[in-house]
Every structure is written in structure tokens, then in C-alpha cells.
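Written out below as C-alpha cells is the structure these notes cover.
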Amino acid sequence: MKRRQLLQLAAAGLVGMTAPPLVWGGRAGAVPIGVGSIQSLVPELFADPPRPPDHSSVLVIGSGFGASAAALRFAQAGSHVTVLERGLRWPRDPWREIFTADMTADGRGLWQQGSFTNITGMPVGPVDRFGGVLDTTRFENLSVWRAAAVGGGSIVYTGVTIAPEKRFFDLSFGGKLDYDEMARTWYPKARSMLLPSTMPGDIYNSPNFAHSRTWDDHARRAGFTPEAVDGNWNWSVVRDEIAGRSRPSATIGASTFGNSNGAKHDLTQNYIPQAEGTGRTTVSHSHEVASIGTESGGRYRVEVRRLSPAGDVLETRTLTCDKLVLGAGSIGTTELLLRAQATGALGNLNEFVGRGWGTNGDASMTRSLGPAAGTPQAAPCASRIVDESGLPLTVENWYVPGVPWDLGFLGSLGMTIDPLRADFRYDAGSDGMTLSWPKGGSRDTVESLRAVQNRMAEAGGTVVSAEPFTRDVDDTFTAHPLGGAVLGDVTDSHGRVKGHDGLYVVDGALIPGSTGAANPSLTITALAERNVARIIADGR
């Protein structure tokens with residue numbers, strides 16, 4: 001390691017220490033602070049959740065992009081809707097520390113786990129076991145990042161809200177979904193709710209985005225053309241942070257564990273309050289679904305556990321509904337379906353359940369020894385590049401999670417259209433799932449992204465990776481799990497589960513492993529809008 005790199009890492013508190021020494025948000029390091037301290041910081045988390053009724057016309061499991069869209073549209077159509085969310089409901093405040101920061105994480109950041117290794121390779125923890133917002137589910141060769149909070153993935157994602165290009169979309173969906181219909185009707189409908197937009201020039205040119213400008217400059221030197229991307233950020237709140245009118249969050253590299261001041265325009269600011277505003281929707285947080293099935297009379301049965309904020313089971317109940325909407329994300333929805341299939345609780349599920357699963361071709365990339373501005377490093381993404389010299393791919397201008405200052409690190413998020421797919425299987429011994437993801441992941445994804453990374457590093461005079469803390473290209477995790485109940489296989493062309501009237505899938509489980517080298521949030525939302533509109537129109 002070069003002397004300059006050592007000095008930069010030492011300045012960040014990343015050399016020779018198991019926990020960063022610097023203080024951010026009034027606390028030092030990532031350590032247990034006690035559930036009592038969490039309660040004093042965010043007492044709203046400890047209020048009793050709304051009690052779900054014994055029977056609902058429509059019951060939605062999950063509260064992410066697809067689930068929230070489905071809840072709103074069913075409620076607007078006159079149904080009484082219950083939303084079950086295992087995670088907590090988090091408030092917003094311009095000055096309070098609602099969520100924890102990436103670098104000084106505590107139990108608010110992690111879902112019922114005592115430690116975590118972030119993308120930079122730095123350990124986070126030990127922390128209190130608590131109902132934090134990020135669940136890093138570990139399979140044999142892959143870690144899957146998913147959310148546990150009212151608002152689902154919109155709480156923990158980095159806000160990029162874009163549609164894939166048509167040629168990439170068609171490569172991924174293989175004719176199962178009409179891009180022109182999505183582009184004409186459903187992407188615009190989803191955008192009208194989520195309100196994404198490109199980064200304004202004054203924000204892009206602020207000191208907090210020096211790393212973004214450097215990244216774009218290096219991309220141009222390497223022969224790429226950066227294109228602005230839509231982000232689901234409230235730029236007025238970001239401006240408030242820059243001007244000192246709000247506690248810093250988005251502008252200091254906070255995103256993975258939520259943004260306390262509402263800088264990210266998440267689902268708790270659009271679909272969810274609008275669904276509740278109909279007077280026909282109850283959102284019951286801290287309710288974890290254990291299993292689903294049917295009972296005599298054609299109703300669906302849902303076994304649910306009410307959890308304390310620390311994860312203790314306070315109550316178990318059996319709920320029923322006429323229509324059951326699965327929106328628990330690719331992992332949650334697939335697991336519920338596989339368990340129901342294995343136990344016979346849903347007897348007509350077909351052989352495609354659990355198949356066609358992929359990572360959206362995700363990989364994180366880091367370069368080091370770039371210009372070190374020494375200013376706070378903001379989280380919102382400004383731009384991306386497209387490359388088709390190998391696997392079709394995109395690379396986004398990212399921040400480096402866990403490093404709140406611009407110290408010469410340059411982060412990227414890559415997504416390829418990789419054909420590698422895996423299958424889930426139900427394991428009766430653990431009452432969970434196993435995943436057939438190969439050791440080492442996808443060589444094609446890594447090599448295609450490494451070629452782009454090397455090209456930008458050479459053009460910008462930077463060093464690939466920040467060894468020993470992170471690899472140059474890391475595909476051992478995914479934040480975009482997709483598939484397991486694929487459209488047209490497990491379901492019909494509008495998300496209706498084959499063999500089970502009144503059972504629907506509305507989340508990323510529908511998508512065949514890739515959304516065409518693009519972040520999936522907009523596609524999941526638009527697909528849910530499309531499917532639920534047809535379900536309501538058809539009355540089934």
C-alpha cells in the first residue's frame with residue numbers, strides 16, 4: 001500500500017483499528033448503545049402498532065414498492081386493506097437522529113443481527129440486536145441486502161429511480177412484458193407518485209459532490225459519456241442540509257440505514273399515506289408473517305407474529321382474507337410460497353416456484369488515490385455510464401458507504417445483464433431456504449465490470465480497489481434480489497398465482513433476475529401498477 005493511501009486511510013480512522021475512532025452524530029464507533037438508549041432517541045418506535053383485523057378483504061404482506069402501490073390501488077377501488085410489515089415504522093425529523101449513520105451504526109441499522117460487514121469491508125458491530133432497517137440475509141455464497149421497515153426498500157436504497165433502456169429490458173424479460181406498454185402508461189404512472197428527478201446543478205456543483213464531479217471527469221477521460229440519472233431525493237431538503245437548515249444526512253453519505261430528515265422521498269411520503277388517507281387501509285408494522293395457506297370457504301389464512309422492537313414474539317395470531325397480495329420482496333415472497341408448497345398449505349403451486357432468481361448483475365467497485373477534497377461525501381447518485389463491449393452493463397456514480405468524507409475514494413455500483421440464475425429450495429430442517437448460487441458468483445459480471453473499472457482508473461490516474469479493505473469488484477452481495485416467482489411462470493402475465501384465485505405477487509419476485517442493467521425500484525412499482533389495474537378491472 002502506498003504511503004499516500006495509508007495517510008488517507010489513517011485520516012479516515014480506517015487503519016489499525018477495529019472500530020473507527022471518529023465521532024459523528026455525537027457517538028464514537030459502532031457499538032451497542034442499549035435498547036433503552038434507542039428508545040430515548042426514537043420513542044415512537046416503541047408505541048403499540050395498529051392491530052390488524054381478524055379478517056380483511058385484501059391483505060398485503062410487505063410495504064415496499066410493489067406492496068405499497070397495490071395497497072393504494074385496492075383501497076381506492078373500495079376494498080378494505082390491511083398491510084402487514086415485519087419492520088418498524090420510523091418517523092422523520094429535520095434535527096433528530098432518527099436513523100443511525102453508516103459509520104457509527106447501532107442496532108437501528110440492522111435487523112435482528114449483532115454485526116455486519118459493509119461494502120468497504122469494514123466491520124459494523126457488535127451492535128444491539130434490534131429491529132433495524134437493513135436485513136443482510138446470508139446464503140452459502142452470497143449476502144442479500146433487503147429492508148425491514150414500513151416503506152421497504154425505499155428506506156435503505158440510494159434513490160436511483162430509472163427505467164431500463166428498451167433493448168436491455170427486452171433482453172431481460174424475453175418477451176414476457178411489453179416495454180412500449182410500460183413506457184407509455186406504467187412507468188409514467190409510477191413516476192408521478194415517486195417524483196424522481198435529476199440532480200440540480202447547484203447541488204451537483206456544491207462541495208459535497210466533489211467525488212461525483214471527479215467520477216464524471218474520469219469517465220469522460222476514459223471515453224464514456226456520463227448521463228444524468230433520476231434520483232428519488234427531495235432536493236429542497238438536500239439544500240437545507242448544505243445551508244445548515246437541517247441536520248446533515250444525505251450530504252454526509254447516509255442512505256443505507258435511512259435518512260432521518262426525509263431527504264429521500266421514500267414510500268412513507270407518497271403511496272403509504274395516500275393509501276391510509278382513503279380511510280380503508282391499516283398499516284400494521286411489527287407483524288411478521290410466518291406462513292400462508294388456505295382454509296375452507298376459499299379464504300386465505302395467514303399466520304402472523306407480533307414482535308417487540310427488540311424482536312421478541314409478543315403474540316401469535318391467525319388472520320384471514322379474501323385476497324392475499326405477496327409483496328414481501330423476492331426473498332420473503334419466495335420463502336412463503338416455498339414453505340406453503342412444501343407443507344401442502346398451498347397445494348396447486350407449480351414447479352417454477354423458487355426458480356429464475358438473480359442478483360440484477362450487481363457488484364460494487366471502489367477506486368482509491370483520487371483527488372481528496374476532504375469535504376463531506378454525499379450519497380445521492382448523479383450519473384451513470386453504459387457499456388456494451390462485453391456483457392451489457394451500466395455503472396453508476398456512487399458514494400463509498402461508511403466513509404462520510406471525500407478522502408480520494410471513488411465508489412461505483414455496477415449492474416450487468418448476466419444470464420446466471422439460481423434456484424431456491426425449501427429446507428425442512430431449518431424451515432428456511434437454500435440457494436444454489438455458485439461459489440465465486442459470476443465471472444462474466446466481474447470481468448466485464450473490471451474492464452470498465454480499469455479503464456476509468458487508468459484515465460483518472462487512480463488505483464483500483466482500496467485493499468485490504470475492499471476489492472476492486474465485489475459481487476458477493478446484492479441489493480437487488482429478483483425472481484423466485486417469475487411472471488409468466490409461477491404467475492400469469494399479470495401476477496396472479498397459477499392455481500390459486502385471489503393470490504397475487506406484486507414485488508421483485510416477479511422479475512426474471514434482471515431489470516436490464518437498471519435499478520429495479522421503478523420497474524417493480526410500474527409493474528405493480530399495471531398488474532393491479534388489470535386485477536381490479538377483471539375482478540379477480
Side-chain angles (χ1 to χ4, degrees), residues 24-26 41-42 44 64-65 68 88-105 108-109 132-134 147 149-162 191 193-212 228-273 375-383 396-406 411 413 479 519 521-522:
W24 200 261
L41 288 166
V42 197
E44 295 94 329
F65 290 101
S68 295
L88 294 163
R89 187 159 193 167
W90 298 77
R92 293 185 299 275
D93 190 280
W95 294 109
R96 289 166 55 204
E97 185 189 342
I98 304 297
F99 295 105
T100 187
D102 284 29
M103 198 167 198
T104 54
R108 291 171 294 171
V133 295
L134 183 67
V150 173
S154 74
I155 303 298
V156 300
Y157 80 148
T158 54
V160 177
T161 307
I162 57 176
R191 286 176 56 87
M193 291 292 297
L194 299 174
L195 302 177
S197 61
T198 57
M199 186 182 294
D202 63 311
I203 293 175
Y204 177 78
N205 288 307
S206 71
N208 305 70
F209 289 87
H211 64 290
S212 302
V229 299
D230 283 339
N232 202 20
W233 295 89
N234 185 329
W235 302 117
S236 294
V237 175
V238 176
R239 288 192 182 96
D240 286 344
E241 291 187 28
I242 294 171
R245 295 188 296 267
S246 176
R247 182 178 179 275
S249 178
T251 55
I252 58 168
S255 178
T256 301
F257 298 138
N259 294 96
S260 299
N261 58 9
K264 196 158 40 186
H265 199 233
D266 59 54
L267 294 164
T268 68
Q269 301 181 58
N270 39 72
Y271 276 102
I272 292 172
T375 53
Q377 178 194 225
C381 171
S383 59
E396 291 177 353
N397 172 332
W398 217 26
Y399 74 118
V400 180
V403 182
W405 291 286
D406 182 352
L413 177 65
N519 312 66
S521 58
L522 185 65

Between the side chain of [X] and the main-chain N/O of [Y], is any donor-acceptor distance below 3.5 Å?
{"X": "S260", "Y": "E97", "value": "no"}
{"X": "K264", "Y": "G258", "value": "no"}
{"X": "N259", "Y": "N261", "value": "no"}
{"X": "H265", "Y": "P196", "value": "no"}
{"X": "E396", "Y": "C381", "value": "no"}
{"X": "E44", "Y": "R89", "value": "no"}
{"X": "T161", "Y": "G159", "value": "yes"}
{"X": "S154", "Y": "G151", "value": "yes"}
{"X": "R108", "Y": "I98", "value": "yes"}

Nearest heavy atoms of [X] and [Y], plus distance in Å:
{"X": "G132", "Y": "W90", "result": "CA-CZ2, 4.3 Å"}
{"X": "D266", "Y": "N270", "result": "O-ND2, 3.0 Å"}
{"X": "R191", "Y": "D230", "result": "NH1-OD2, 2.5 Å"}
{"X": "H211", "Y": "A378", "result": "NE2-O, 3.1 Å"}
{"X": "G64", "Y": "L267", "result": "C-CD1, 3.3 Å"}
{"X": "G153", "Y": "A147", "result": "N-CB, 3.5 Å"}

Please tell me if the side chains of [X] and [Y] come closer than 4.5 Å, counting only heavy atoms from C-beta onward.
{"X": "T268", "Y": "R92", "value": "yes"}
{"X": "Y399", "Y": "P401", "value": "yes"}
{"X": "V133", "Y": "F99", "value": "yes"}
{"X": "P380", "Y": "W235", "value": "yes"}
{"X": "S255", "Y": "W398", "value": "no"}

Say you draw a straight line from [atom1] of [X] to [atom2] of [Y]; how long is it, rounded to the nearest 0.5 Å?
{"X": "L522", "Y": "M193", "atom1": "CG", "atom2": "CE", "value": "12.5 Å"}
{"X": "T100", "Y": "L134", "atom1": "OG1", "atom2": "CG", "value": "11.5 Å"}
{"X": "N208", "Y": "T375", "atom1": "CG", "atom2": "OG1", "value": "6.0 Å"}
{"X": "F257", "Y": "I155", "atom1": "CZ", "atom2": "CD1", "value": "14.0 Å"}

Would you mind telling me which of V400, V403, T256 makes a side chain to side chain contact (heavy atoms under 4.5 Å, CB included) with D102?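 When side chain to side chain contact (heavy atoms under 4.5 Å, CB included) is applied between D102 and each of V400, V403, T256, only T256 qualifies.
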
Considering only NZ, NE, NH1 and NH2 on the basic side and carboxylate oxygens on the acidic side, decide whether D202 and R239 come within less than 4.0 Å.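 Yes, D202 and R239 are salt-bridged.
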
ring-ring contact (aromatic ring centres under 6.0 Å, His included) with Y157: which residues, sequence neighbours excluded?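 Partners of Y157 by the ring-ring contact (aromatic ring centres under 6.0 Å, His included) criterion, ordered by chain and then number, come out as F65.
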
Check: S521/N519 side-chain N/O donor and acceptor closer than 3.5 Å: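 Short answer, no.
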
